[in-house]
S.K.: 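This is the structure I want to talk about, given as structure tokens.
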Amino acid sequence: MTLTTPSENAADAIGQDEELARIEVVKPVSIIVPTYKEVENIPLLIERVRKLRSDSGVEAELIFMDDSSCDGSVEAVANCGHDWVRIVERHQDRGLSPAVIDGFRIATNPVLVCMDCDLSHPPEKIPQMVYGLSAGQQMVIGSRYVPGGSTDDDWGFFRWLNSRVATLLARPLTAVSDPMSGFFALRRRDFDRASELNPVGYKIALELIVKCGFENVGEVPIHFSDRVHGESKLTLREQLKYIQHLRRLYLFRFANAMYLLQFLVVGALGVVVNLVVLTLLLMFGLGPKTAIAGGIVVSVCTNFLLNRRFTFSYARDRNPFKQFLGFVAASAVGMAVNFLVSIYLIEYVLDDTRTSIYIASLCGIATGMLFNFLGNRYLVFRKRYIQ
Ligand code: GDD
Ligand code: MN
């Protein structure tokens with residue numbers, strides 16, 4: 001994509017609201033670069049960003065967040081001769097993610113970008129990323145794994161596998177294809193909304209996706225170049241921290257109580273609808289089988305509509321027909337589980353007295369509903385992130 005006139009492009013993307021698009025795109029950018037012992041790379045990155053500023057007209061400040069590298073990085077920035085570049089020396093709470101978060105906090109512009117210092121991430125993609133934000137995306141990631149994205153050839157099999165496995169483990173949290181990326185853009189006001197930021201390790205983008213509740217994350221393909229100068233700081237120890245990070249994110253994300261509650265309320269309403277329809281059909285003189293079937297069909301439809309509208313409202317913009325089929329399938333699974341659990345309890349755990357049958361049946365209903373809920377929550381109405 002060429003971006004000679006970014007405001008026009010953005011205006012196209014969001015149609016009517018040209019004024020908004022213009023404001024969004026001309027918003028200046030703060031580029032935050034966590035650095036540790038990157039003295040050779042700092043002048044090279046400054047030059048790339050200088051060129052970007054002059055070629056694309058993007059107004060950008062560049063802030064290096066350095067964890068006391070003491071390798072001449074501070075001097076390199078001081079001598080660069082640009083007032084839009086600065087370096088912050090950190091002495092406490094060392095680490096890549098805390099450095100990025102501190103950088104976002106002190107940044108002065110409404111669009112925040114994070115990138116590595118080692119030239120793995122092409123700053124030339126920043127206008128395209130900002131454009132994604134102005135077209136409504138909440139975060140835009142520079143991605144290796146979308147069509148058009150790539151990595152240098154000498155990425156060994158294990159590094160590739162490692163990255164893929166890490167991405168797979170994050171899958172229930174986001175469908176973004178490269179959530180491990182350290183190159184991303186977001187709005188300052190969304191960052192300010194993030195609750196309980198507590199990243200362990202390297203995966204700051206993933207942390208923000210989950211904690212800010214981003215549902216609309218865009219990906220811009222990038223070529224990820226291997227660093228030429230210095231070494232990667234992504235040690236095995238850092239990678240193990242990822243497991244700890246994932247655990248926290250899973251706990252944060254899957255506080256499902258509210259969804260379950262809404263689902264149960266809809267289910268209870270469904271019982272009422274079912275009985276009302278049944279009564280009406282009997283009143284109109286239909287036979288009991290037809291009336292029961294009518295009650296079921298109508299209540300399944302109203303349950304579906306209510307769940308789609310309220311319980312899982314985030315999925316409202318997706319194909320309702322597919323969702324309806326999924327909903328019916330999930331209900332069928334729920335019924336099967338209900339039946340099997342009830343029978344199992346009567347056969348092997350309880351006896352077949354009247355009380356036991358009721359207990360078994362209630363247990364069956366509870367597990368059936370749980371399966372029904374999980375099927376709807378994680379399959380039929382799963383959260384999906386737009387690419
Ligand atoms: N301030 C600070 N403190 N910066 C750090 C620290 C730290 O403790 N550790 C690393 N950095 C800086 C590096 O100087 C570099 O600019 C950036 O953070 C990323 O570190 P690298 O050492 O270059 O990591 P990588 O290239 O192996 O990992 C990259 O790819 C991963 C995906 O494969 C990064 O982009 C990761 O964020 C990404 O997850
Ligand atoms: Mn790197």
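For ligands, and for the atoms within them, numbers begin at 1 and follow the listed sequence. The shown structure was predicted, so the numbers you read here are calculated from the model rather than taken from an experiment.
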S.K.: Quick one: report the N, O or S atom of Asp116 that is nearest to the Mn ion (ligand 2).
M.R.: OD2
S.K.: Could you tell me the separation between the OG1 atom of Thr35 and the CD1 atom of Ile63, rounded to the nearest 0.5 Å?
M.R.: 11.5 Å
S.K.: What residue and atom, counting heavy atoms only, is the protein's closest point to atom 21 (P) of ligand 1, and at what distance?
M.R.: Arg227 NH2, 3.5 Å
S.K.: Tell me, please: is His121 in heavy-atom contact with ligand 1, that is, under 4.0 Å?
M.R.: yes
S.K.: Within 45° of the six-membered ring axis of Phe183 and under 6.0 Å from that ring's centre, is NZ or CZ of Arg144 located there?
M.R.: no
S.K.: Would you call the rings of Phe224 and His121 parallel, tilted or perpendicular if under 30° counts as parallel and over 60° as perpendicular?
M.R.: perpendicular
S.K.: Check each of Phe183, Tyr202, Phe184, Phe224 against atom 20 (O) of ligand 1 and report the one with the nearest heavy atom.
M.R.: Tyr202
S.K.: Please round to the nearest 0.5 Å and tell me the distance separating atom CG of Leu345 and atom CG of Asp351.
M.R.: 11.5 Å
S.K.: Considering only protein heavy atoms, which is closest to atom 28 (O) of ligand 1, and at what distance to one decimal place?
M.R.: Leu234 CD2, 3.8 Å
S.K.: Quick one: nearest non-hydrogen protein atom to atom 11 (N) of ligand 1, plus distance?
M.R.: Leu96 CD1, 3.9 Å
S.K.: Looking only at non-hydrogen atoms, which of Asp116, Thr35, Asp67 approaches atom 17 (C) of ligand 1 most closely?
M.R.: Asp116
S.K.: So Glu38 and Lys233, salt bridge (charged side-chain N to carboxylate O under 4.0 Å, His left out) or not? Walk me through it.
M.R.: CA-CA 11 Å; Glu38 301 282 5; Lys233 286 94 197 171; 3.0 Å; yes
S.K.: For atom 33 (O) of ligand 1, which of the options Arg90, Arg144, Glu238 provides the nearest non-hydrogen atom?
M.R.: Arg144
S.K.: Tell me, which N, O or S atom in Asp118 is closest to the Mn ion (ligand 2)?
M.R.: OD2
S.K.: What is the minimum heavy-atom distance between Asp226 and Asp152, and which atoms define it?
M.R.: N-OD2, 2.7 Å
S.K.: Please determine if Lys203 has a nitrogen or oxygen closer than 3.5 Å to a nitrogen or oxygen of ligand 1.
M.R.: yes
S.K.: I'd like to check whether Ser163 has a polar contact with ligand 1, where a contact means an N/O of the residue lying under 3.5 Å from an N/O of the ligand.
M.R.: no
S.K.: Starting from atom 5 (C) of ligand 1, what is the nearest protein heavy atom, named by residue and atom, and what distance separates them?
M.R.: Tyr36 CB, 3.8 Å
S.K.: Heavy-atom contact under 4.0 Å between Arg94 and ligand 1?
M.R.: no
S.K.: May I ask you to check whether over 12 heavy atoms, not counting those of Tyr344, lie within 6.0 Å of atom OH?
M.R.: no
S.K.: How about Ser69 and Val39: do any of their side-chain heavy atoms sit closer than 4.5 Å?
M.R.: no
S.K.: If you measure every N or O of Cys117 against every N or O of ligand 1, does any of those distances drop under 3.5 Å?
M.R.: yes
S.K.: For a ring pair (Phe, Tyr, Trp, His ring centres under 6.0 Å) with Phe381, tell me which candidate from Phe263, Phe312, Phe324 qualifies.
M.R.: Phe312
S.K.: Looking only at protein heavy atoms, which one is nearest to atom 12 (C) of ligand 1, and what is the separation?
M.R.: Pro34 O, 3.2 Å
S.K.: Among all protein heavy atoms, pick out the one at the shortest distance from atom 1 (N) of ligand 1; state its residue, atom name and that distance to 0.1 Å.
M.R.: Met65 O, 3.0 Å
